[in-house]
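Okay, structure first, notes after.
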Amino acid sequence: MTHPAVRDLFQAFANGDGLQQIVRGLGANKHQSLSGLTLTAKALYTVLLWKITGRPMIVVTDGAKEAELLLEAVRTFFDIIAGGQQLQEPQIVPALDVLPSQGLSPHSEISAQRAVGLWRMASRRATITITPIGGALARTYAAAQYKNLALELRTAEDIAMEDLAEHLRHIGYEQREPVEMVGEFSVRGGIIDIFPAESEKPIRIELFGDTIEEMRRFDVQTQRSVLKVTSA
């Protein structure tokens with residue numbers, strides 16, 4: 001837990017001339033420029049600017065390594081300044097690891113990270129998004145298309161197994177047995193295993209007819225349940 005005095009110390013930087021000039025310029029819809037900042041200062045000013053404006057932000061860097069380093073620093077200041085609020089932490093939308101002309105599919109983890117990041121932005125859940133220039137230039141679709149990627153499942157609610165499996169196939173999941181990687185699912189009788197893009201562990205859903213009876217996170221290696229959940 002961050003001491004309030006430390007949080008106040010960082011927030012005091014919000015009154016600096018450079019940041020206040022940017023805030024005034026944004027209010028007047030003017031292009032603003034601030035140079036000479038170190039990585040740490042960029043991270044702090046990014047979080048402060050998000051805090052002052054109350055608006056989601058996109059930060060574009062000139063490379064993937066720079067984006068990852070900035071994200072790490074931004075998350076540190078975000079945890080301090082956001083002060084335990086129930087907010088989506090800053091995220092990264094990576095660049096694709098293949099060129100369009102190569103005719104190859106990007107790595108599944110990169111595709112998943114981009115899909116989750118763009119879904120959060122489209123559904124207005126994102127706070128601060130950092131992306132390298134290659135990630136910003138990649139083709140995207142209308143926000144509604146990303147919103148439709150996600151389904152929220154809850155115990156005791158109804159969903160047909162066939163409809164859930166068809167949705168997963170439609171958004172790019174592959175049917176595999178057993179489930180081992182992000183973007184895979186399997187069906188066995190009234191049980192469906194899914195490894196969601198935004199989760200560290202896959203989820204096992206047990207249905208009775210079309211009703212979700214129970215949901216549990218499970219370990220990929222042992223296939224044993226580790227946590228019972230009521231929504232996913």
Side-chain angles (χ1 to χ4, degrees), residues 2 7 10-11 19 22 26 37-98 105-153 168 171-173 181-184 194-203 217 229 231-232:
T2 304
R7 188 178 299 117
F10 283 118
Q11 289 179 335
L19 191 59
I22 290 178
L26 290 175
L37 299 178
T38 63
L39 175 70
T40 302
K42 288 177 183 178
L44 175 59
Y45 274 37
T46 296
V47 177
L48 289 174
L49 193 57
W50 163 81
K51 179 79 171 178
I52 293 169
T53 62
R55 297 163 62 182
M57 295 184 62
I58 300 176
V59 181
V60 181
T61 67
D62 60 358
K65 184 177 181 180
E66 290 79 4
E68 291 171 1
L69 290 173
L70 182 60
L71 177 67
E72 185 177 350
V74 164
R75 281 181 172 173
T76 299
F77 288 117
F78 187 86
D79 290 342
I80 295 171
I81 293 171
Q85 300 177 54
Q86 297 299 313
L87 297 168
Q88 178 63 52
E89 69 173 8
Q91 63 174 1
I92 191 168
V93 173
L96 298 173
D97 58 340
V98 295
S105 297
H107 193 281
S108 59
E109 289 186 9
I110 291 178
S111 295
Q113 204 171 5
R114 283 186 62 83
V116 170
L118 292 167
W119 169 71
R120 287 173 180 161
M121 293 170 69
S123 15
R124 299 185 180 278
R125 302 183 185 215
T127 50
I128 300 171
T129 300
I130 299 172
T131 181
I133 186 66
L137 290 175
R139 180 182 178 185
T140 56
Y141 301 93
Q145 188 154 338
Y146 294 103
K147 288 182 183 179
N148 292 333
L149 289 175
L151 283 179
E152 185 163 0
L153 306 177
L168 292 169
I171 63 174
Y173 280 66
M181 298 177 61
V182 167
E184 296 179 350
I194 308 171
F195 204 142
E198 79 286 0
S199 176
E200 293 183 0
K201 291 187 180 298
I203 186 166
R217 302 286 179 191
V229 296
S231 64

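Because the structure is predicted, anything quoted here is derived from the model rather than measured.
- Under a 3.5 Å cut-off, the side chain of Ser199 and the backbone N or O of Pro202 do not form any donor-acceptor pair.
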Can you list the steps and then say if Thr131 with Thr61 is a side-chain contact (heavy atoms from CB on, under 4.5 Å)? CA-CA 6 Å; Thr131 181; Thr61 67; over 6 Å; no
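- Val93 and Pro132 make their closest contact through O-CD, 3.6 Å (heavy atoms, listed as atom of the first residue, atom of the second, distance).
- Arg75 places a side-chain N or O within donor-acceptor distance of the main-chain N or O of Pro90, the cut-off being under 3.5 Å.
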Going through the distances and angles, do Tyr173 and Phe195 end up as a side-chain contact (heavy atoms from CB on, under 4.5 Å)? CA-CA 9 Å; Tyr173 280 66; Phe195 204 142; 5.7 Å; no
Passes side-chain contact (heavy atoms from CB on, under 4.5 Å), Leu39 versus Leu70? Steps please. CA-CA 7 Å; Leu39 175 70; Leu70 182 60; 3.8 Å; yes
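- With rounding to the nearest 0.5 Å, the separation of OG1 in Thr127 from CZ in Phe78 is 4.0 Å.
- Summarising the geometry of Tyr45 relative to Leu37, their closest heavy-atom pair is CD2-CD1, 4.2 Å, with the distance given to 0.1 Å.
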List the atom pairs, donor and acceptor, that lie under 3.5 Å between side-chain atoms in residues 114-123 and the rest of the protein, sequence neighbours left out.
unit_1: Arg114; atom_1: NH1; unit_2: Pro94; atom_2: O; d: 2.8
unit_1: Arg114; atom_1: NH1; unit_2: Gly135; atom_2: O; d: 3.3
unit_1: Arg120; atom_1: NH1; unit_2: Gln91; atom_2: OE1; d: 3.3
unit_1: Ser123; atom_1: OG; unit_2: Trp119; atom_2: O; d: 2.4

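- Under a 3.5 Å cut-off, the side chain of Glu184 and the backbone N or O of Met181 do form a donor-acceptor pair.
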Could you walk me through whether Leu49 and Met57 pass side-chain contact (heavy atoms from CB on, under 4.5 Å), step by step? CA-CA 9 Å; Leu49 193 57; Met57 295 184 62; 3.8 Å; yes
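- Within the 4.5 Å cutoff, the side chain of Ile81 has heavy atoms near those of the Leu44 side chain.
- Enclosure of atom CD in Glu152 by more than 12 non-hydrogen atoms of other residues, nucleotides or ligands within 6.0 angstrom is indicated.
- When all heavy atoms are compared, the tightest approach of Ala126 to Pro56 is O-CB, 3.6 Å.
- More than 12 non-hydrogen atoms from other residues, nucleotides or ligands lie less than 6.0 angstrom from CD of Gln88.
- The two atoms that bring Leu149 and Ile171 nearest to each other are O-CD1, 3.4 Å, heavy atoms only.
- Nearest heavy-atom pair, Ala67 versus Ile92, reported as atom, atom and distance to 0.1 Å: CB-CD1, 3.8 Å.
- Contact check for Tyr146 versus Thr140: side-chain heavy atoms found under the 4.5 Å cut-off.
- With respect to Ile130, the side-chain contact (heavy atoms from CB on, under 4.5 Å) criterion is satisfied by exactly one of Thr46, Ile58, Val59, Val60: Val59.
- Between Val182 and Ala112, the closest heavy-atom pair is CG1-CB, 3.8 Å.
- The line from CD1 of Ile203 to CD1 of Ile194 is 7.0 Å long, rounded to the nearest 0.5 Å.
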